[in-house]
Amino acid sequence: MNVTPGSCTAEMPYGYQPRMRALCIATELVIAVLAIIGNFLVCLAVSRNKTLRTVTNYFLVSLSVADVLVGLVAIPCAVLTDLGRPHHDLPLCLVLLSILMVLTQVGASNLVVLGIDCRLESCRARAPPIIVYILI
């Protein structure tokens with residue numbers, strides 16, 4: 001990312017090669033569409049099937065919602081930044097990049113919580129309750 005006063009341009013790791021830039025942007029958009037569809041199906045499965053409504057699966061739905069937002073908002077922001085948009089508007093550029101960072105960190109935080117939940121679930125299955133509270 002190359003930020004100069006009054007502009008927002010992205011420096012691609014492969015330099016300025018229009019064919020590679022188009023391939024990178026197309027790949028990002030395909031990943032966004034697949035992420036939206038796949039995570040929507042996860043949310044749909046948990047909402048339709050009552051046996052899937054567990055605490056762990058609610059954490060998975062939360063992760064899926066975060067990933068849908070990444071596909072809907074964050075990846076298009078990254079594509080706009082790759083294209084050098086918004087040109088000559090540094091505040092808007094910073095907003096786009098902030099949205100990108102926040103949404104990706106939400107997904108990472110959901111993974112941490114999911115891991116903690118799975119660890120506690122396995123501890124509850126094998127240990128007496130007092131040991132579980134000590135481990136926390």
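Just the heavy atoms: all of them, side chains too, but no hydrogens, waters or symmetry mates, feed the values below.
Shortest non-hydrogen contact noted between Thr54 and Thr51 is CG2-O, 4.1 Å.
Cluster note: Leu92 groups with no other residue, as no ILVMFWY side-chain heavy atom lies under 4.5 Å from it.
Residues Leu80 and Val73 are members of separate hydrophobic clusters, defined by side-chain heavy-atom contacts under 4.5 angstrom among Ile, Leu, Val, Met, Phe, Trp and Tyr. The hydrophobic clustering, which links ILVMFWY residues whose side-chain heavy atoms are closer than 4.5 Å, places Leu72 and Leu83 together. Two different hydrophobic clusters hold Val70 and Val106 under the rule that ILVMFWY side chains link at heavy-atom gaps under 4.5 Å. Residues Leu96 and Ile75 do not share a hydrophobic cluster, clusters being chains of Ile/Leu/Val/Met/Phe/Trp/Tyr side chains in contact below 4.5 Å.
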> Where do Leu44 and Ser47 land on the side chain to side chain contact (heavy atoms under 4.5 Å, CB included) test, with the steps shown first?
Replying inline: CA-CA 5 Å; Leu44 189 66; Ser47 69; 4.3 Å; yes
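Between Leu60 and Leu114, some side-chain heavy-atom pair lies under the 4.5 Å cut-off. Side chains of Cys118 and Thr56 form a contact here, defined as non-hydrogen atoms less than 4.5 Å apart.
Remark: Cys77 SG to Ile99 CD1 distance equals 5.0 Å, nearest 0.5 Å. Here the CG-CG distance, from Asn57 to Leu63, works out to 11.5 Å after rounding to the nearest 0.5 Å. To the nearest 0.5 Å, atom CD of residue Gln105 and atom CG of residue Leu100 are 10.0 Å apart.
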Using distance only, find each side-chain donor-acceptor pair of residues 23-43 under 3.5 Å and give its atom names and separation, not counting sequence neighbours.
| residue | atom | partner | partner atom | Å |
| --- | --- | --- | --- | --- |
| Thr27 | OG1 | Leu23 | O | 2.7 |
| Asn39 | OD1 | Ser64 | OG | 3.4 |
| Asn39 | ND2 | Ala35 | O | 2.8 |

